[in-house]
Structure formats: structure tokens, C-alpha cells
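What follows is one structure encoded as C-alpha cells, with my remarks underneath.
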Amino acid sequence: MERIALFERGIDSTPVELLSGEYGPDRFFMKRDDMVPFSFGGNKARKAAEFYKEIAGGDTDVVMTYGSSSSNHCRIIANMAAAMGLSCHIISPEDTSQEGKWEPFYNARLAGLFGATVEKCPLSLVAETIERRKLAYEREGRKPYFIAGGGHGNPGTEGYVKAYREILAYEKENQVYFDYIFHPSGTGTTQAGLVCGKLLSGDKGRKIIGISIARQQERGREVVKDSIREYLGARFDGLYGEEDLVFTDAYRLGGYGQYNEAVKKTIEEVLCREAIPMDTTYVGKAFYGMCQYVEERGIRGKNILFIHTGGTPLFFDFISKHFGAVGGFQGKQT
Ligand SMILES: *Cc1c(COP(=O)(O)O)cnc(C)c1O
């Protein structure tokens, strides 16, 4: 099995930038996890770096995972498997939504380039399809390793415990304290890691706020809490308090993949002003949610860190959809 030097060494920092534009009466910083230097980066690259350790230490010959055709996670895992010389098998729910309406998602194209096998099944049959495929590989004498959708699980959480430590190191080095940390929250693993990092460092001061991009309040919060409990084990009862977990579904805009004109405008503004790309499903939507949250609660004069969790190929889906010129430039012409 081939090695990946970056993952062997470990991801130890991503840039943190003070934003130039005004997004509210506070100072806004952005941690550029979209710049993790592996396969267009993002939080799935941080998580993959932890799953890598388990795979590289074993005798796996096929990496299995689950995700949709727009999945950043599937792109990263397919790239990791290709780099390690392993097969990759993706179980994917049949897409009834956007696929084929204009063009396939860039993440799906990349997974194809990496040579991943994609097996589609109805959403209701996902769990049994995964189980059946795993058994079929085992019967052939192969050694599958299954990674949960989105890189959910303790290794994924570990990736963001480490990211939290990077934030502490940045603060120390730059003499700044972030009163708030905002980020998009999906499966909740990113949030669980950040909260565990905070609890383990004994820092009670700041708030970590997950902006739900899909799940509704009750279930979304419960899943993050379960991940925190699973990671902390026996330390959970002594460390965790309900006030440590802030998860809001106020900006989910109807659910996964849904966005509105204000999100689109926010993405365009941040791209023009900061030269930073964001997507509509996760980062642009959560950045918009953060701005609303800060305004609605009258949060002023604070240092706010937003974590850019990646998804650059989805940014290009956005560009293809809204700015898809055929045969040349579009927009203002003289
Ligand atoms: C998957 C993903 C998220 C959500 O992360 P979770 O750990 O599942 O909450 C956020 N942003 C991007 C760009 C993602 O790909």
C-alpha cells in the first residue's frame, strides 16, 4: 500500500485571515480549511487524514464509503484510495434532484477520474446495500474498510480536535482571542471535534456555533452530542455542559442544498471583496447564516472566526449554474 506524505506528517495549520469587508459590527476572521493541501482541501480532507492512519496500519485493499454525487467526502476518499493504490467503492443514493439538469457535479466527475466504482441504490436500501457489498468483497477474500458518510465517527472528530488546537496556537502567536467560532454543521462531526477540543482545553469563555445546513434542531443537536459523548467516553459527564453546544437550524432555508438569493449575493460579495470562493450548500449558506445571527443578536465589537470548511468543486457547480457562458465571456460587454 502506498503512503501519503502529508497524512503521515499530519495537517498542522491552515491560513487564518482577517477579512477586509464589513459583515457586521465585529472583526471577522476566516480559517481557510479549504486550503488543506489535499484534493481541493476542506474538512473532509482533515477527517480523511485520520481515517488514513487506520487504513495505512492495516491490510485493507478496498475503501468503501457512502455519499451523493455532489459529495466532497466521496471525492476526497476516492482520491486518497487512488493515491494509496487501493480500490474505492462508493454506495450512492439514486439522485432525483439536480443531477443531469445542467451538468454532472464536479465531485462526481473527479470520483470518476480517480477510478472509483459507484453503486447506486434507492435511499431506503442504503444500509443493506452497504452490508451486502461488504460481505461480497469478504467472500472474494478481499479486505474492505468502510468509512461512514461524511467521514462521521471518532477519527473524523479527532480531525477537528486537532483543528481546535491549531486555533489555540494561532491565538497565542497572534495575541488575539476569538469570542465566537462559526462553521457550517452537517453530520456534526466538525462541530463535535471543535467542542471536544474546547472542553479538553478547559476553555469556557468562547462560543462555538454550528449553523445547520440541513438538519432540524432536535435531531441535529442530538447527533452532535452523541459524537461528543462517543469521543470523550468516560470524560463526558465531567466535561460537557448543554451550554457548550450551540446548534441552530434558523438558516437551513428548507433543507439540504436549498439556498436563496441572499446566499447567492453573499457568495458573490465575498468572492469579489475577499477573493475567496464559497459554495451554496455549506460554506456560503453558513456564512450568510452567521451574518444574520450576529445581526439578530446584536453581537458587536467581538472577534469572530469563521471556518471555511471547503467544497471548492461545489463552487464551480455554482459558477456553471449561474454564470455558465457558452462560447465566451458573459456579463457586461462594451
Ligand atoms: C461535509 C461538509 C460540511 C459539514 O461537515 P460535518 O462535519 O458533516 O458537519 C461542511 N462544509 C463542507 C464544505 C462539507 O463538505
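FYI, the numbering just counts along the sequence from 1. One-based numbering, in listed order, for ligands and for the atoms of each. Treat the numbers as computed from the prediction; the structure is a model and nothing was measured.
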Counting C-beta onward and ignoring hydrogens, is there a side-chain heavy-atom pair between R235 and L199 closer than 4.5 Å?
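Of all side-chain heavy-atom pairs linking L199 with R235, none is under 4.5 Å.
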
Classify the ring geometry of F182 against Y293: parallel below 30°, tilted from 30° to 60°, perpendicular beyond 60°.
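F182 and Y293: perpendicular rings.
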
Given salt bridge (charged side-chain N to carboxylate O under 4.0 Å, His left out), test K134 with E138 step by step and report yes or no.
CA-CA 6 Å; K134 235 172 109 179; E138 279 162 2; 5.4 Å; no

Worked check of salt bridge (charged side-chain N to carboxylate O under 4.0 Å, His left out) between E166 and R46
CA-CA 12 Å; E166 285 177 25; R46 276 198 193 271; 2.9 Å; yes

Can you confirm whether more than 12 heavy atoms, excluding those of F316, are under 6.0 Å from its CZ atom?
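Counting other residues, nucleotides and ligands, CZ of F316 stays at 12 neighbours or fewer.
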
G42 to ligand 1, any heavy atom closer than 4.0 Å
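Contact absent.
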
Mark the output for G188 as yes if a heavy-atom distance to ligand 1 is under 4.0 Å, and as no if none is.
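G188 counts as a contact of ligand 1 under the 4.0 Å cut-off.
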
Heavy-atom pairs closer than 4.0 Å: do any link ligand 1 to the side chain of [X], the backbone, both, or neither?
| X | result |
| --- | --- |
| K47 | side chain |
| T190 | both |
| I213 | neither |

Top protein contact for [atom], by heavy-atom distance:
| atom | value |
| --- | --- |
| atom 14 (C) of ligand 1 | K44 NZ, 2.8 Å |
| atom 11 (N) of ligand 1 | T309 OG1, 2.6 Å |
| atom 5 (O) of ligand 1 | N43 ND2, 2.9 Å |
| atom 15 (O) of ligand 1 | N72 ND2, 2.6 Å |

Atoms of ligand 1, numbered as shown, that sit under 4.0 Å from any heavy atom of [X]:
| X | value |
| --- | --- |
| S185 | 9 (O) |
| T189 | 7 (O), 9 (O) |
| G186 | 4 (C), 6 (P), 8 (O), 9 (O) |

Are F28 and F306, when compared by the centres of their aromatic rings, separated by less than 6.0 Å?
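No, too far apart.
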
Could you tell me which non-hydrogen atom of K31 sits nearest to which non-hydrogen atom of T14, and how far apart they are?
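Shortest heavy-atom contact: NZ-OG1, 3.0 Å.
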
Please name the pair of heavy atoms, one in V36 and one in A45, separated by the smallest distance, quoted to 0.1 Å.
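Heavy-atom minimum between the residues: CG1-CB, 3.8 Å.
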
